[in-house]
Structure formats: structure tokens, C-alpha cells
Amino acid sequence: MPYTDCNMKLRLLFFAVFSAVAASGAVLEEFTSPRDFTVWKSDETGFALIRKEGRLALLRQEGMPYRTEFAWRKDLRLPREFRQGVLRLTVSHTVPAPQRTIRLRLSDVEGEVFQFHSAAPVVHDDKLVYEFQVGDKQWRSSWGKNANKKIDYPLSLHVLAIAFSGTGTIVFEKLELVD
């Protein structure tokens, strides 16, 4: 069957839509349910988990310690075949730029925890985008269970370790996997 002009336009439209979806990554978490998360020692750290604009947010009160951990209560595994790539975290915030850091912690199948750091966040559409390079050589520290310093795949999302000074909120928009 010969290609018509209409068929070609449909193929180009499909290709454009498919390319846009592939480029944006697979969304792993949309941060909408408070039941799926916990804040480590929220009574001692001054961080509270709140809902803002339909998403989860961390609120920090002045005069309290500046670090906390925001942990998944559910088992959220990365795809079994995933060995290397980028996890992209998008947040909006009311916290001054130089005063915040976010670390990603993943646990392997044996229970060892690996911590990954991101480069400086990039501003995109008034949101901060943190990119974490994930793979055998990209982790900064590890601990727990067998502690063999080797990633035993598959990996699961474990914790976002967060530090910021001053008061304000960080609203979690989405976490996506970008191969």
C-alpha cells in the first residue's frame, strides 16, 4: 500500500509524541499520597509533611535542626533490567538557593543502602530539577546489611535525605527514570 500524504503526517505525529514521552522519562513517583511516606524524627527535626497544591511538601520551622529524611513506606523497585541511568527529581520551593541539598538513597536486593549526590539543580519552568547519576560507579557511600560495597540489583527507592536552613517548603513534584 503506497504512503499517502495523510499516512505520512500520522506517522510523523506518532513519532513526535513517542519521542516526547521517551525523552521525559518514566515517572516513578508523583508524591500524592501521604500514607506512602514518613518523615524521620519529625517531632525532633521540625519538619512536617503537608499537602500543597495536591502534592506532598516538607515544611520546616525556624530554629529547628536542618536535616531530615523523607522515606518511602512502600517497596518501589526500579525496573529489573536497570543498571545505569539518571533519576530526575523535580521540586518547587520557597527556600533560598544555596541553602538546600537533596541526596538520593537506594537500597539493593540484599538491603545495602547506596547514597547518590546530584549536581547543582537546574531551574526549569520555575521548578528545580535534581539529576542523580545512578550506577555501579556513581554512589558516594554505602552501609547496612551485607555492606559489600557492590550493588546487587534490582534497586529500590529508599530515602531522600534533605537539608536546608531557614524556613520554607519543598514541594515534591515527581521522580522519573531517564535511561
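Residues take their numbers from the sequence shown, with the count starting at 1. Note that these values count all heavy atoms, side chains included, but never hydrogens, waters or copies made by symmetry.
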Pair Arg105 + Glu69: basic N to acidic O under 4.0 Å =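 Answer for the salt bridge query: yes.
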- Hey, are Glu29 and Lys74 close enough for a salt bridge, meaning a charged N less than 4.0 Å from a carboxylate O?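 Salt bridge present between Glu29 and Lys74.
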Test side-chain contact (heavy atoms from CB on, under 4.5 Å) on Ile162 and Ile170; report intermediate values, then the result. CA-CA 10 Å; Ile162 298 159; Ile170 293 180; 4.1 Å; yes
Flag, side chain of Asp108 to backbone of Glu110, donor-acceptor distance under 3.5 Å |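 Such a contact is found between Asp108 side chain and Glu110 backbone.
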ask   = Can any side-chain N or O of Arg55 pair as donor or acceptor with the backbone N or O of Glu30 at less than 3.5 Å?
value =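 Looks like yes, one N/O pair under 3.5 Å.
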inquiry  = To check you understand the geometry: which heavy-atom pair defines the closest contact between Thr32 and Gly54, and what is its length?
reply    =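 Reported closest heavy-atom pair: CG2-O, 3.8 Å.
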Measure across Glu131 and Ser118 and return the closest heavy-atom pair with its distance rounded to 0.1 Å.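 Closest approach of Glu131 to Ser118, heavy atoms only: O-CB, 3.1 Å.
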Which residues satisfy the ring-ring contact (aromatic ring centres under 6.0 Å, His included) test with Phe172, sequence neighbours excluded?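 Counting only residues at least two positions away or on another chain, Phe172 forms a ring-ring contact (aromatic ring centres under 6.0 Å, His included) with Phe31, Phe70.
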**Request:** On the 0 to 90° scale, with breaks at 30° and 60°, tag the Phe116-Phe114 ring pair as parallel, tilted or perpendicular.
**Result:**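 Rings of Phe116 and Phe114: tilted, 30 to 60°.
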Which residue, Gln138, Arg140, Gln133, forms the side chain to side chain donor-acceptor pair (under 3.5 Å) with His117?
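Of all the options given, the one that passes is Arg140.
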field: Arg88 NZ/CZ over Phe132 ring centroid, <6.0 Å and within 45° of normal
entry: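 The answer is no; the distance or angle limit is not met.
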| said: Taking atom CG as the centre, does Asp75 end up with more than 12 heavy-atom neighbours from other residues, nucleotides or ligands that are less than 6.0 angstrom away? | reply: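 Above 12, so yes.
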